Amino acid sequence: MEALWFWLIALSLAIYVLLDGFDLGAGALHLLLAKTDEEREQILASIGPFWDGNEVWLLAGGGTFFFAFPSPFSAAFSGLYLPLMVVLWLLILRGIAIESRHLLHNALWNPFWDVIFSGSSALLCIFFGAALGNVIRGVPLDSNGEFFLPLWTTFTPGPNPGILDWYTVLVALLATVALLHHGALWVAYRTHKPIENRALEAAKHLWIALTVLTPIVTLVSQYVRPGLFDNFGRYPIGVAFPILAIFGLTASRGSHKFLGSCAFLLGMLLSVVFSVFPSILPGIGNPGLTIHNGAASQYGLQIGLVWWIPAFLLSCAYAVFLYRRFAGKVDRPAAT
Amino acid sequence: MDSALGLHRLHFAFTITYHYLFPQLTMGLALLIFILKTLALRTGNPLYENAARFWTKIFGINFAMGVVTGIPMEFQFGTNWSRFSKATGGVIGQLLAMEGMYSFFLESSFLGILLYGREKVGPRIHWFASLAVFLGSWLSGFFIIATDSWMQHPVGHRIGPNGEIILDSLSALLLNPWTFVQYAHNMTASVVTASAVMCAVGAFYLLSNKHTEYGRLFLTIGVPAFALSSLMVAFPTGDIQGKMVAQYQPVALAAMEGHFDTKSGASLNVIGQPDVENQRIDNPITLPKVLSFISYGRWNAEVKGLNDVPRDQWPDNIGLLFYSFHIMVGLGTVMIALSLLSFLALRLKRLDTNKPLLWALLLAFPLPYIATTFGWMTAELGRQPWLVYGLLRTADGYSTRVSAGNTLFTLLGFLGLYALLSMLFLFLIQRELAKGPE
């Protein structure tokens, strides 16, 4: 039962990354891909109806995490207090930028929000990547199963780590490149030339960076957390996840570019989740908080399934409905 | 308030108070927009459609503010109140996850259609989107109220062998009797806010002689809604809520009323300043026996005073609790009087020429915001010193690993960021009001 919830939460958060990932990536590339005001409006229109719904997957995944595994949830959120507060501020600024930019046409107003939107999107990619890096590296849990990490200490992943060290920054870099690549392919799919061409060009360069970074980060992870990949020996079925990632990375150069990128992100995330299983919040050199010592009561987990599964299917149905309604290229904004 | 506990409380109090300025409008306004969309679909009159479009824009700005200031609320359960989350996550986590899974998806998906999709979907689907947004936002309110109700009146759980709080019955948790009373009280208050704002905008257009056709329409719809909801906030919903507090939280009631000694036929302090050290109310205006009657329905019922309760169970800010309750009730009374008078004038077809009354409606728009804020302060200060009534003290619920310095840092960050948001919000709303519905 605990393992089932572990995978359901992983699935929700993976959906979050696939969906919000493209609008974060598109946001970070916004200033580079679109040169004129009309072009910038196209990029914003390409994510306009979706970004809020995409962000809801974060809240849904977080809420599910909260009720299924209360002690790892509360330890992680209080321990990562500072970066999460920064993430909140960035989410606020970004949401406001998207919703405010199109309300006025003004030589100061539009560029101002473009910079806020783009900057906050890029920083969010970096912070989410660093958070992932912290989970892989492990956090210094005390005897109460709690911790607190400063933003940085010595920038090395030793016994007294900070949120940012060379390893977590490297993971952040990979995550950012992956989301930029994802966003560029979304923009190419949804917008008209010449943005489409610029986005495809950017995606080509980002693809090369991804292909170089992915194996490097994988090897370094094994060094930072020895035994990280033991699960693959224990349950060889897990090899399906890295294969999915490699397949996706290849496909993202071919005819199904955006879907390929989705497969790549899904494969990478599930590979990480599979590697740390059954830990939810690994300690440094120990399994830390796992599905066995951190779960809610059996009754809660069982009854939760009764309402969670229909809600999940319903949410997927809304998402499919919305994405079909707004499928294809965005409307060209009327010439002004 | 310089201790870590004090700062964590202030952090949550500030961010939740600011956040709830927006949902209290959008939940009520979602209902009013749905009514306008229904009238538009039925009659085909473009006046209703334009009015709905105008209010949808106001709704959109408020909704965006509600979303961006709401995400920090969800996070803070874990970041600032980790001991509380660890102890109770297995119970209230169910409700908060349900909110995310059921209502946020409903709201956010259909709000996209309501705001951006007018030309993409037909009028029927667009009407349906307004219904979905209404249901989604009211469902969201339900889960939040259910969470708060469990903190006020915990049910559906048992205590495990090591003192842990374990969910025992999800249906008992969802059907907590406290939830339904507080939900009814809170949602009618949300309609008060939305209808008072609609009336104020209507009065503004009539007084400034702009968009007068719409000004009249806003009053025709706003004033009856304002009158009905203001009455219902007091009776029956507020009345039942008060009796429930008297039954389950007698010490909170005693503190709200500044009632120190247990008495039969206790009098109600309408106005006064509590002097907690000397256990008296300064400058009181009292109504004899009324407190007994409104609490228990009998003029001579005994009302428990603070002195019959150990000091360590007294709410820790009796002064603020007393004022919060009295400001809520006082402003509620003013709004009932104003809305009924306006309703009378509307029925006599004299409202749109009655300048003093229009001015009063225009200037009254902050009152529901203030009353609602103090209503929530009454509920939450009255719950002290407990975080979960009778189960977990507030002092045992915060994140002990997050220092006072870090909490102050992020509190200041939120203060600064929300100051900027406020300026932006006022600017954008002013723009929409100036453009008008045409």
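Just so you know, these numbers come straight off a predicted model, no measurement behind them.
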Heavy-atom pairs under 4.5 Å with chain B - which of W109(A), F65(A), F321(A), F69(A) has more of them than the others? W109(A)
Please name the pair of heavy atoms, one in L322(A) and one in I113(B), separated by the smallest distance, quoted to 0.1 Å. CD1-CG1, 4.2 Å
So for L173(B), is it side chain, backbone, both, or neither that comes closer than 4.5 Å to the heavy atoms of chain A? neither
So L106(B) and Y318(A), side-chain contact (heavy atoms from CB on, under 4.5 Å) or not? Walk me through it. CA-CA 7 Å; L106(B) 193 64; Y318(A) 295 144; 2.8 Å; yes
Taking the side chain as every heavy atom from C-beta outward, state whether E55(A) and V68(B) have any pair of such atoms under 4.5 Å apart. no
Side chain, backbone, both or neither: which part of L421(B) has a non-hydrogen atom closer than 4.5 Å to chain A? side chain
Taking side chain as everything from C-beta outward and backbone as N, CA, C, O, which of these in T400(B) sits under 4.5 Å from a heavy atom of chain A? Side chain, backbone, both or neither. side chain
Under 4.5 Å heavy-atom distance to chain A, tell me which part of V402(B) shows up: side chain, backbone, both or neither. both
Under a 4.5 Å heavy-atom cut-off, does chain A meet the side chain of L170(B), its backbone, both or neither? both
For the candidates P72(B), S403(B), S399(B), A64(B), which exhibits the highest count of non-hydrogen atom pairs separated by less than 4.5 Å from chain A? P72(B)
Using a cut-off of under 4.5 Å for heavy-atom pairs, which of L91(A), L104(A), L301(A) has the most such pairs with chain B? L104(A)
Tightest non-hydrogen contact, residues M85(A) and N80(B), listed as CE-OD1, 3.4 Å
Closer than 3.5 angstrom, by distance alone: can the side chain of Y81(A) be matched with the main-chain N or O of R401(B) as a donor-acceptor pair? no
With a 4.5 Å heavy-atom cut-off, do I71(B) and L88(A) have their side chains touching? yes
Under a 4.5 Å heavy-atom cut-off, does chain B meet the side chain of E146(A), its backbone, both or neither? both
Against chain B, work out which of I92(A), L93(A), V306(A), L314(A) has the most heavy-atom pairs shorter than 4.5 Å and name it. I92(A)
Between G90(B), G100(B), G89(B), A132(B), which residue shows the highest count of heavy-atom pairs closer than 4.5 Å to chain A? G89(B)
Mind listing the closest non-hydrogen atom pair of W307(A) and A97(B) along with its distance? CH2-CB, 3.6 Å
Considering all heavy atoms of both residues, which atom of L424(B) and which atom of S100(A) are nearest to each other, and what is their separation? CD2-OG, 3.6 Å
Could you list all the side-chain hydrogen bond (donor to acceptor under 3.5 Å, both in side chains) pairs where at least one residue sits in residues 60-79 of chain B, not counting sequence neighbours? H11(B)-Q76(B), T15(B)-Q76(B), H19(B)-T69(B)
Could you walk me through whether Y299(A) and D168(B) satisfy the side-chain contact (heavy atoms from CB on, under 4.5 Å) test, starting with their C-alpha distance in whole Å, then the side-chain angles of each, then the deciding distance to 0.1 Å, before giving a yes or no? CA-CA 7 Å; Y299(A) 168 76; D168(B) 209 30; 5.7 Å; no
Using heavy-atom distances under 4.5 Å, tell me whether Y418(B) contacts chain A through its side chain, its backbone, both, or neither. side chain
Is there side-chain contact between Y102(B) and P310(A), with at least one heavy-atom pair below 4.5 Å? yes
Interface moiety of A296(A) toward chain B, non-hydrogen atoms closer than 4.5 Å: side chain
Any side-chain heavy atom of Q94(B) within less than 4.5 Å of one from I303(A)? yes
State, yes or no, whether a side-chain contact exists between F427(B) and L103(A) at a heavy-atom distance under 4.5 Å. no
Steps toward side-chain contact (heavy atoms from CB on, under 4.5 Å) verdict (E99(B), L59(A)): CA-CA 9 Å; E99(B) 187 200 18; L59(A) 293 180; over 6 Å; no
Do you know the tightest heavy-atom contact between F148(A) and N406(B)? CZ-ND2, 3.2 Å
What part of F414(B) gets within 4.5 angstrom of chain A, counting heavy atoms only: side chain, backbone, both, or neither? both
Any residue of residues 135-142 of chain B which, by heavy atoms, sits under 4.5 Å from chain A: none
Where on N144(A) is there a heavy atom nearer than 4.5 Å to chain B: the side chain, the backbone, both, or neither? both
Taking the side chain as everything from C-beta on, heavy atoms only, tell me whether F77(A) gets closer than 4.5 Å to W81(B). no
For D52(A) and F63(B), what are the C-alpha separation, side-chain angles and deciding distance, and is it a side-chain contact (heavy atoms from CB on, under 4.5 Å)? CA-CA 11 Å; D52(A) 182 35; F63(B) 188 85; 3.9 Å; yes
Would you mind reporting whether V56(A) and M101(B) have side-chain heavy atoms less than 4.5 Å apart? no
Looking only at non-hydrogen atoms, find the nearest pair between F66(A) and S85(B) and report the distance. CE1-CB, 3.5 Å
